[in-house]
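As the structure is a computational prediction, the values presented were derived from the model and not from experiment. Only this structure's heavy atoms are used, side chains among them; waters, hydrogens and symmetry mates stay out.
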Amino acid sequence: MISPGSLIEFIDGGRFYCGFVTGLADKKILLHSQNGREIHLPESRVLIVSRQTYPQPPSREALTAQLQQRSAERTALAERVNLDELWQIVCEEADNEFQPDFLTELHFGGAVNDDQRAAFLRAIFADPLFFKFKNGLIATHSPEQVEQLRLQRQREAEKAQLLDQAAAGLHSIMRNLPVSSEQWPDRECCLHWLSQSVLFGSECAEDEFIRQVLKKAGLTSPNAGFELLVKAGFWDADENLALLRSDQPVEFSEPCQQLAETLQEAELAELLADPKRRDLRDLNTLTIDGAFTRDFDDAVHIARKENGQVEVGIHITDVSHYVPLKSPLFAEARERATSIYFPEGHIPMLPKNLSLDLCSLIKGKIRPTISFLVTLTAQGTIVHSSIVPAIIEVKRQLSYREADGLIERDPDLAALNVVRQQLRQQRVDQGALLLSLPDVNIDIRDRQHIQVYLSPVDTPSRNLISELMILANGLAASYLAEREAPGLFRSQPPPRKRIISGAHNSLTDIAHQRRFLSRGELTAHPKPHSGLGLNSYTTITSPIRRFLDLAMQHQLSHMIHGRGILFSGEECKTFAGIIQQKLGRANAIRQQRHRYWILRYLEAKEGQRVNALVVGVGPKRVNMLLCDCLFDVDLPPNPAFPVDPGDTVRIRLGRVRPLDNILRVEW
């Protein structure tokens with residue numbers, strides 16, 4: 001029973017305290033604690049009460065000193081309590097709950113005093129391995145519980161050691177000091193955990209542990225984890241975090257690699273054995289691509305016919321010849337959906353010995369193709385077209401720059417350029433929107449001085465290839481639509497607002513028009529594509545780089561070989577869902593990486609004023625493009641500085657942080 005003069009034990013902040021009861025009031029105990037404080041303590045907080053009462057010393061200081069001495073004696077006595085031996089005696093008892101006094105007397109033998117009772121309870125709280133205090137009773141843990149608690153303690157001790165080693169290791173890395181494997185045997189594991197924590201934060205299973213390590217190492221800056229991984233050589237200073245955060249495959253699976261390595265270049269006799277495959281090796285086929293392109297998936301030719309007519313050929317590498325439906329390569333292409341290109345390199349959809357060799361239309365190499373042969377009048381009207389499996393041998397390999405230099409004096413290129421102009425005008429007359437912006441090329445060869453330059457995409461040779469690919473894709477869609485065959489059709493409703501028309505529009509108008517485009521669709525049945533000015537459209541011209549094109553090539557090849565429809569409407573719908581999901585992932589990675597490198601370029605210009613083209617003015621935002629890199633920015637309207645679309649203004653780059661994805665601009 002608690003009364004004035006009683007000594008009590010209570011816990012505060014996880015520590016035992018001894019107190020002297022000075023009075024009782026409103027179910028609260030008035031006491032003087034060993035740290036000299038006067039406390040009103042609820043009765044529920046009291047763990048143990050002395051059996052006898054004690055006289056109150058003459059002064060507060062004397063009382064505090066006595067309580068401190070009593071607490072120290074009880075702590076020392078508790079350290080000598082052997083709970084293991086006591087547990088061995090009582091663990092087999094049927095009833096596993098005991099009164100504290102019973103176990104105290106069993107341990108010390110015979111009657112016990114207040115100090116022994118308090119010391120025993122302190123020992124129980126100090127080492128909860130064998131016993132647990134609950135609701136005034138002491139429960140005995142079973143042997144299984146004790147073993148489980150021992151294992152838990154062992155794991156915690158190992159974790160504590162790991163934490164200490166990791167903190168010391170990270171601290172050394174940050175100071176550029178060497179760390180031996182003996183000093184830090186779990187280095188690679190911890191760096192992996194750190195990378196996962198940087199990438200995924202609280203979603204990472206080891207995030208809390210890493211936070212403790214960084215705190216213990218004194219590394220608390222926002223990007224300390226990233227900086228450590230760079231210093232450790234675990235990551236590059238410009239690591240592609242968007243790619244690492246995604247589940248986009250990078251390396252090819254072992255079955256894919258093994259299959260790719262076994263594939264051999266198609267022999268001429270093998271290709272000629274296909275009675276449907278036409279031998280077009282004598283045609284003067286050529287490729288026109290970027291200067292650094294190595295995966296050539298399309299070639300073209302032109303031949304003059306009677307009555308001023310011409311035959312144009314668009315020859316697409318027959319990837320379906322090497323990548324059958326049920327192969328690991330097809331499944332891998334479906335998972336990747338597309339090749340992804342970055343300034344520092346690219347992730348191919350197919351292994352390199354396919355994309356850069358067997359399936360690439362390399363000059364002088366015999367290659368299987370799906371060929372579109374189109375006869376046009378002198379005015380550019382199509383009078384006949386056919387789609388055939390074929391064999392070609394590329395005679396010339398030109399870059400866009402080389403083709404532009406030859407286009408007026410080379411007979412084939414000049415004739416193709418005329419066709420290009422006719423096809424383009426036909427599409428414009430049918431309502432097509434020509435919305436090409438310059439290509440943004442990022443040169444990262446010198447990482448300390450990133451360069452960005454714009455290159456036009458409206459050059460004659462680029463337009464030539466673009467128009468012929470649109471022609472082939474449109475013909476493929478028409479072939480399927482006329483036969484009511486399902487496929488993967490791209491379509492686009494009319495723009496929400498039409499701003500431009502014709503073939504010659506300003507950069508401002510093109511950028512403004514893009515903001516009003518309707519979202520494109522991918523369906524199993526044909527629908528009009530307003531942006532291209534076509535009644536139906538698919539893509540089949542990049543089977544090395546796009547899964548959609550590869551799947552459509554399989555469908556088309558099956559039909560032109562006379563084997564009927566390969567993919568049903570339901571299968572095409574399934575493909576469409578997969579493609580949209582995977583392309584969404586790939587496009588997000590590509591866009592984030594492009595943004596990162598642009599911010600790296602702009603980082604050196606922080607605080608400077610740069611030119612921006614106003615492309616839209618609204619009540620709340622002014623939309624602009626940075627002129628040197630075509631990067632979207634916006635600002636609230638400035639009443640003191642009114643602007644209109646088409647104006648070029650000077651704005652200030654206030655803050656640029658590529659790693660944090662931050663760009664703040666100011667008027």
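Between Asp458 and Arg424 a salt bridge is recorded (basic side-chain N to carboxylate O distance below 4.0 Å). A salt bridge does not link Glu393 to Lys365: none of the charged nitrogens lies less than 4.0 Å from a carboxylate oxygen. Looking at Glu311 and Arg304, no side-chain N of the basic residue comes within less than 4.0 Å of a carboxylate O on the acidic one, giving no salt bridge. One finds a salt bridge joining Asp279 and Arg281 here, because a Lys/Arg side-chain nitrogen approaches an Asp/Glu carboxylate oxygen to under 4.0 Å. Comment: Arg585 engages Asp247 in a salt bridge, judged by a side-chain N to carboxylate O separation of less than 4.0 angstrom. Ionic pairing of Arg294 and Asp289 is not present here: no N-O contact between side-chain nitrogen and carboxylate oxygen is shorter than 4.0 angstrom. Note on Arg490 versus Glu521: no salt bridge recorded, every NZ/NE/NH1/NH2 to OD/OE distance being 4.0 Å or above. Using a 4.0 Å cut-off between a side-chain N of Lys or Arg and a carboxylate O of Asp or Glu, Asp282 and Lys395 do not qualify as a salt bridge.
Side-chain N or O atoms of Thr317 include one that pairs as donor or acceptor with a backbone N or O of Cys359 at under 3.5 Å. The main-chain N or O of Asp295 is never found under 3.5 Å from a side-chain atom of Thr293 such that the two would form a donor-acceptor pair. Not a single donor-acceptor pair under 3.5 Å links the side chain of Gln492 to the backbone N or O of His529. Put simply, the side chain of Asp297 never gets that close to the backbone of Ser542: no donor and acceptor are under 3.5 Å apart.
Considering only residues two or more places apart in sequence or on other chains, Phe330 meets the ring-ring contact (aromatic ring centres under 6.0 Å, His included) condition with Phe547, His554.
When every heavy atom of Ser339 is checked against every heavy atom of Ile544, the shortest pair comes out as OG-O, 4.1 Å.
The shortest distance between side-chain heavy atoms of Leu376 and Val383 does not fall below 4.5 Å. Using a 4.5 Å heavy-atom threshold, the side chains of Leu325 and Leu566 count as touching.
Residues Gln425 and Asp429 bring a donor and an acceptor atom of their side chains to less than 3.5 Å of each other. With no hydrogens or angles considered, a side-chain donor-acceptor pair links Asp509 and Ser506 at under 3.5 Å. Looking only at atom types and distance, the side chain of Thr539 has a donor-acceptor partner in the side chain of Asp549 under 3.5 Å away. One side chain, Ser371 or His315, offers a donor N or O that lies under 3.5 Å from an acceptor on the other. Looking at Thr287 and Gln397, their side chains do bring a donor and an acceptor atom within 3.5 Å of each other. A donor atom on one side chain and an acceptor atom on the other are not found under 3.5 Å apart for Tyr596 and Asn240. Counted by atom type alone, Asp446 and His449 present one or more donor-acceptor pairs between their side chains at under 3.5 Å. With 3.5 Å as the limit, one finds a donor-acceptor pair spanning the side chains of Asp628 and Tyr601. Checking Thr369 against Asp318 by side-chain atom types alone, no donor-acceptor pair falls below 3.5 Å. Asn623 and Asp632 share no donor-acceptor pair across their side chains, judged by distance under 3.5 Å alone. Residues Asn441 and Ser455 bring a donor and an acceptor atom of their side chains to less than 3.5 Å of each other. Looking only at atom types and distance, the side chain of Gln258 has a donor-acceptor partner in the side chain of Glu254 under 3.5 Å away.
The 12-atom threshold is not exceeded at CG of Asn535, counting heavy atoms of other residues, nucleotides or ligands nearer than 6.0 Å. Counted within 6.0 Å of CZ on Arg445, heavy atoms from surrounding residues, nucleotides or ligands total 12 or fewer; the atom is thus considered open. Under a cut-off of 6.0 angstrom, the local environment of CZ in Arg401 is sparse, with at most 12 non-hydrogen atoms contributed by other residues, nucleotides or ligands. Heavy atoms from other residues, nucleotides or ligands lying under 6.0 Å from CZ of Arg278 number 12 at most.
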Q: Just do the side-chain contact (heavy atoms from CB on, under 4.5 Å) check on Leu413 and Ile288 with the steps written out, would you?
A: CA-CA 10 Å; Leu413 291 176; Ile288 308 175; 3.9 Å; yes
Q: Would you sort out whether His558 and Phe567 count as a side-chain contact (heavy atoms from CB on, under 4.5 Å), showing the intermediate values?
A: CA-CA 9 Å; His558 209 261; Phe567 298 127; over 6 Å; no
**Q.** Audit row: Leu468, Leu416, side-chain contact (heavy atoms from CB on, under 4.5 Å) steps and yes/no
**A.** CA-CA 9 Å; Leu468 293 182; Leu416 284 168; 4.1 Å; yes
Q: Verify side-chain contact (heavy atoms from CB on, under 4.5 Å) between Leu471 and Val419, making sure each step is shown before the conclusion.
A: CA-CA 11 Å; Leu471 174 62; Val419 172; 5.8 Å; no
Q: Starting from the C-alpha separation in whole Å, work towards a yes-or-no answer on salt bridge (Lys or Arg N to Asp or Glu O under 4.0 Å) for Asp357 and Lys352.
A: CA-CA 7 Å; Asp357 187 7; Lys352 289 182 178 180; over 6 Å; no
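Phe296 does not carry Arg367 over the face of its six-membered ring by the limits of under 6.0 Å from the centre and within 45° of the normal.
Here Phe489 and Tyr537 keep their ring centres 6.0 angstrom or further from each other.
The one candidate from Gln426, Arg427, Arg420, Gln421 that meets the side-chain hydrogen bond (donor to acceptor under 3.5 Å, both in side chains) condition with Glu467 is Arg427.
For residues 480-489, no pair satisfies side-chain hydrogen bond (donor to acceptor under 3.5 Å, both in side chains), with sequence neighbours left out.
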